[in-house]
2 protein chains.
Amino acid sequence: MEKTEALNTLAALGQETRLDVFRLLIKAGPGGMCAGAIAEHLQVRANTLSTHLSALSRCGLVHAARDGRSITYSARIDQMQNLILYLMRDCCDGKPELCDPIAGALVGFDQTDASGPTSRF
Amino acid sequence: MEKTEALNTLAALGQETRLDVFRLLIKAGPGGMCAGAIAEHLQVRANTLSTHLSALSRCGLVHAARDGRSITYSARIDQMQNLILYLMRDCCDGKPELCDPIAGALVGFDQTDASGPTSRF
DNA sequence: TCCATATTTCGAGTATTCTCGAATTATGGA
DNA sequence: TCCATAATTCGAGAATACTCGAAATATGGA
């Protein structure tokens, strides 16, 4: 990811409704949620939500797929991955002070919803 | 880090001049740079930069320290760390699809400016 | 075909953000 | 004390973002 894309992605997430949408879609899992359900869940008007979904889609954070009359949106975790990697290496120059503690924290995760064992290394 | 702070931090970085400032300060290292030098380097007016520095400071991304007539700003890499950890665990629920590839990428870093050996594990 | 549902697009109003010149505050040195 | 330098605060203008009602588009079913 290069700077401009990172900038757009950061700006997209730096808005409350959009961050809420993304978090909701993450929790919804790979199946995603249709626009109406998101709007209902977050108490946002359909047209306002549509604008935000469009912004999230434009920067690759969500994926849209028509499913009959409704459109299902799902979070693109790989784009979040790209953003985080950008922040760690391009933005922060791969500084060990940044990366080491994160690497450490990754090992210590306790996941509430995952099915597999705790360690992933 | 909780949601509101993450939101402010994301919004702060989602603006070109501020992202540039942060990146510049990261490259400057722990010693930081004084406001004038940053303004000169990025070709931004002093008062405009001051507004952005204030925003970065408010969300904890930079630290200010008066040094005689000038004020030295330095990047707070721990706050970037907190943001990344928020994105990985609170925002993305610690999904393995997100975390595993990042963990993998961390091991593979080749650092250009670090003095120590490549491996940090 | 006609109607209902789901979502988006359009246009306008309001709010927020960004930038700038001018004025102000703070510090150090003559 | 007086002046020069460094940075911030103030106030205003322009641009951008956010939200909303209304209208348009798309799909599925009677």
Side-chain angles (χ1 to χ4, degrees), chain A residues 3-25 28 31-76, chain B residues 3-25 28 31-76:
Chain A
K3 199 188 86 172
T4 305
E5 190 178 2
L7 204 46
N8 293 335
T9 311
L10 287 165
L13 290 173
Q15 203 278 337
E16 185 158 27
T17 305
R18 286 193 296 260
L19 184 60
D20 287 343
V21 169
F22 187 79
R23 279 157 52 96
L24 182 61
L25 289 179
M33 286 173 75
C34 69
I38 301 172
E40 157 83 19
H41 207 280
L42 297 180
Q43 293 286 94
V44 183
R45 313 234 166 220
N47 55 358
T48 300
L49 177 68
S50 182
T51 305
H52 289 308
L53 283 171
S54 157
L56 287 169
S57 182
R58 217 176 310 123
C59 71
L61 280 170
V62 306
H63 173 252
R66 182 168 279 280
D67 175 30
R69 246 183 296 213
S70 37
I71 295 176
T72 296
Y73 285 88
S74 52
R76 292 199 41 179
Chain B
K3 199 187 86 172
T4 305
E5 191 178 1
L7 204 47
N8 294 334
T9 311
L10 288 164
L13 291 172
Q15 203 278 335
E16 185 157 27
T17 306
R18 286 194 296 261
L19 184 60
D20 287 342
V21 168
F22 187 79
R23 279 158 51 97
L24 182 62
L25 289 180
M33 286 174 76
C34 68
I38 301 172
E40 157 83 20
H41 207 281
L42 297 180
Q43 292 290 92
V44 184
R45 312 235 164 217
N47 54 357
T48 300
L49 176 68
S50 182
T51 305
H52 289 308
L53 284 171
S54 157
L56 288 169
S57 182
R58 217 176 310 122
C59 70
L61 280 169
V62 305
H63 173 253
R66 183 169 276 279
D67 175 31
R69 247 183 296 212
S70 38
I71 295 176
T72 296
Y73 285 88
S74 52
R76 292 199 42 180

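Residue numbers begin at 1 in each chain, while the letters A, B, ... track the order of the sequences.
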- Message: Below the 4.0 Å mark, does dA26(D) have OP1 or OP2 next to a side-chain nitrogen or oxygen of Arg66(A)?
- Response: no
- Could you tell me whether the side chain of Leu61(B) reaches within less than 4.5 Å of the side chain of Leu25(B), counting heavy atoms only? no
- Note on the structure: To the nearest angstrom, the CG-P distance between Asn8(A) and dT16(D) comes to 14 Å
- Message: Once you apply a heavy-atom cut-off of 4.0 Å, does Arg69(B) come out as touching a base, just sugar-phosphate, or nothing?
- Response: base
- Here the distance between atom P of dC18(C) and atom CD of Glu16(B), to the nearest Å, is 12 Å
- Does OP1 or OP2 of dA6(C) have a side-chain N or O of Ser70(A) closer than 4.0 Å? no
- Ile71(B) CD1 to dT27(C) P, in whole Å, measures 9 Å
- Query: Would you say Arg18(A)'s side chain and Ala12(A)'s backbone share a donor-acceptor pair under 3.5 angstrom?
  - Reply: yes
- Query: Is there a side-chain polar atom (N or O) of Thr48(A) under 4.0 Å from OP1 or OP2 of dC20(D)?
  - Reply: yes
- Leu19(A) has an atom CG; how far is it from atom P of dC18(D), in whole Å? 13 Å
- Given atom CG of Leu49(A) and atom C1' of dC20(D), what is their separation to the nearest angstrom? 14 Å
- Residue met sooner reading DNA chain D from 5', once Gln15(A) and Thr51(B) are mapped to nucleotides: Thr51(B)
- Task: Name the nucleic acid region contacted by Ala46(B), choosing base, sugar-phosphate or nothing; use a 4.0 angstrom heavy-atom cut-off, strictly under.
- Result: base
- Message: Among dT9(D), dT9(C), dA4(C), which nucleotide has an atom closest to any side-chain atom of Asn47(B)?
- Response: dT9(D)
- Closest to side chain of Cys34(A), choosing from dA7(D), dT7(C), dC20(C): dT7(C)
- Message: Measuring only between side-chain heavy atoms, which start at C-beta, is Val62(A) closer than 4.5 Å to Ser57(A)?
- Response: yes
- Note on the structure: Among dC18(D), dT8(C), dG28(C), the one nearest any side-chain atom of Tyr73(A) is dT8(C)
- Rounded to the nearest 0.5 Å, how far does OG1 of Thr17(B) lie from CD1 of Ile38(B)? 12.0 Å
- Query: When the distance from CZ of Arg45(A) to P of dA22(D) is rounded to whole Å, what number comes out?
  - Reply: 11 Å
- Task: Test Leu56(B) against every option in Leu19(B), Val21(B), Thr9(B) by the side-chain contact (heavy atoms from CB on, under 4.5 Å) rule and name the one that passes.
- Result: Val21(B)
- Whole-Å gap separating P (dT16(D)) and CZ (Arg18(A)): 16 Å
- Message: Does a side-chain N or O of His52(B) approach OP1 or OP2 of dT17(C) to a distance below 4.0 Å, or not?
- Response: no
- Between dG28(C) atom C1' and Asp67(B) atom CG, what is the distance in whole Å? 12 Å
